[in-house]
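To start, the structure under review is shown below, and the notes come after it.
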There are 2 protein chains.
Amino acid sequence: MTSPSRRNQQRLHLRRAILEAASRAFADKGYEQLSMRKLAAELECSPGTLYLYFRDKDELLRGVVEESFADLLKTLRAIPDEGDPVRHLKMKLRAYIEFGLRNPNHYQCAFMLPPPDTGERPYKPHPAFDELVQGLRTCVEAGLLPEMDLEMTSQVIWSCIHGLTALLIARPAFPWVVQDNLIDGLIETATAGIARPAATQTEGARHGISRTRART
Amino acid sequence: MTSPSRRNQQRLHLRRAILEAASRAFADKGYEQLSMRKLAAELECSPGTLYLYFRDKDELLRGVVEESFADLLKTLRAIPDEGDPVRHLKMKLRAYIEFGLRNPNHYQCAFMLPPPDTGERPYKPHPAFDELVQGLRTCVEAGLLPEMDLEMTSQVIWSCIHGLTALLIARPAFPWVVQDNLIDGLIETATAGIARPAATQTEGARHGISRTRART
DNA sequence: GGTCATAATGAACACTGTTCAATATAATGG
DNA sequence: CCATTATATTGAACAGTGTTCATTATGACC
């Protein structure tokens, strides 16, 4: 345990302290309301110090958000697979939505605000998204869902669950029906929708895909 | 045409000029990047003047966003009903998404950012939302969709199309499949999903609604 | 033309994220 | 133990932000 390593440990310790204070402040104030100066004051250090540990506010909050999404990944992976892949998938979808509702500011930062533009190309989907793809693949392989374009279908499903999560976060005052029913309703609709991709109850409702496009 | 009315006209004229300059700036810079000072500079007036016409930045941009959503409403109502209510509904859904993609900043301000908290209770859904409800109701009344909870179903459908719109806006760098296919895929999935609310291809996939809830 | 309500101004206030020369602290070599 | 050197911290300063308000200019009326 040489002396420079002790120094390094102290650095890491302060880094953690900043991250945790930022996480707390961010959780109940959100991106905009969290101020680097106030954060520094809470940590009893000068504003400049924060910039020795994080390049800027964006990088700091990216760290915070990353950590919470690692939690989401753990949550998703911890959902027990009791044999029914479709049920398993639905539970994952629900866990995703509930995560967003439990961490509205983190979720908003991750998917509802313009990206911090880290510069890394190409955009790498979060491992949590792969969980969804895997869940769908398992259903297809088990013969419980029809053969389909997995890439597109997972993007469609993600869009659906994101949409509800994001709207509940952004517009809590909207006259929503009972939230639990709404979530279940959306999950059932989305999964039923991919169960039979093109068929509906009636003749007239059966269209070629491109025919729904409105003239612009 | 008394004199005070001339004054009033000038007031309205300047109000319009502000609104239009703000709309332009807002369209290509977004909420955060639009600065009241720079806007005033562009209009060759002092910053304070803006506050004689709009209480604050939020109210100004609310005005801008409202106008663009009036356009959306017009667009939705202009979609011809050629007899098939389901097709008509799908075209509305697509028009909604395309509106969001054409006006990303307006859309973001309307549904992706924390509400300005105007203080008016209760939250009144936008007439464009009623268009969607109407579209669904027509389908049900024509016997093209099963009897259902219209309120919940419209919220589910809105969530789905919002989700895609919002994600395409917020994460353009994501490796999306071809956008047109994605949009059609989502619309087909959502409408097929409500076509038969609970049934899926398999035994195992048939659950009571509350059974999909994950333990937390 | 003088009076008076209304409109416009722009300096000032209280913030923001970020930078950087100056300072304090800790580790090393003599 | 002290001088030197490397690292860590500071806080004033910069350039911006939205917003307010006493002051000034302007157009309308008698």
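We name chains A, B, ... by the order of the sequence lines, and we start the count at 1 in each one. Here the structure is a predicted model, which is why all the values come from computation and not from measurement.
- Looking at residues two or more places apart in sequence or on another chain, you find a side-chain contact (heavy atoms from CB on, under 4.5 Å) between B/L14 and B/A17, B/I18, B/T49, B/Y53.
- Remark: B/E66 engages no residue in a salt bridge (Lys or Arg N to Asp or Glu O under 4.0 Å) (not counting sequence neighbours).
- A straight line from CG of A/L52 to P of C/dT25 spans 16 Å, rounded to a whole angstrom.
- Atom P of nucleotide D/dA6 and atom CD of A/Q10 are separated by 21 Å, given to the nearest angstrom.
- Among pairs with a residue in residues 23-40 of chain A, those fulfilling side-chain hydrogen bond (donor to acceptor under 3.5 Å, both in side chains) read A/Y31-A/D58, at least two apart in sequence or across chains.
- Remark: of the listed residues B/T153, B/I194, B/L145, B/L145 is the sole one forming a side chain to side chain contact (heavy atoms under 4.5 Å, CB included) with B/V140.
- Residues passing the side-chain contact (heavy atoms from CB on, under 4.5 Å) test with B/V177 are A/E151, A/M152, A/Q155, B/L182, sequence neighbours excluded.
- Separating the CG atom of B/L14 from the C1' atom of C/dT9 is a distance of 13 Å, rounded to the nearest angstrom.
- Side-chain nitrogen and oxygen atoms of A/Y53 include at least one within less than 4.0 Å of the OP1 or OP2 phosphate oxygen of D/dT9.
- Across the helix from C/dG1-D/dC30 to C/dA27-D/dT4, the helix axis at one end is tilted relative to the axis at the other end by 20° (nearest 10 degrees, each axis from five pairs).
- Pairs of residues two or more places apart, or lying in two chains, that qualify as side-chain hydrogen bond (donor to acceptor under 3.5 Å, both in side chains) and include a residue from residues 125-139 of chain B are B/R77-B/E131, B/K92-B/E131.
- A/L50 comes within contact range of no nucleotide atom at all, as no heavy-atom separation falls under 4.0 Å.
- The nearest whole Å value for the distance from the CD atom in B/E44 to the P atom in C/dT9 is 10 Å.
- Every residue meeting the side-chain contact (heavy atoms from CB on, under 4.5 Å) condition with B/P125, not counting sequence neighbours, appears here in chain and number order: A/F174, A/P175, B/F129.
- With sequence neighbours left out, B/H106 forms a side chain to side chain donor-acceptor pair (under 3.5 Å) with no residue at all.
- Heavy atoms of B/L43 sit nowhere under 4.0 angstrom from any nucleic acid atom.
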Sequence-aligned protein contact record of nucleotides 14-23 of chain C, with B where the base is within under 4.0 Å of a protein heavy atom and S where only the sugar-phosphate is: --BBBB----
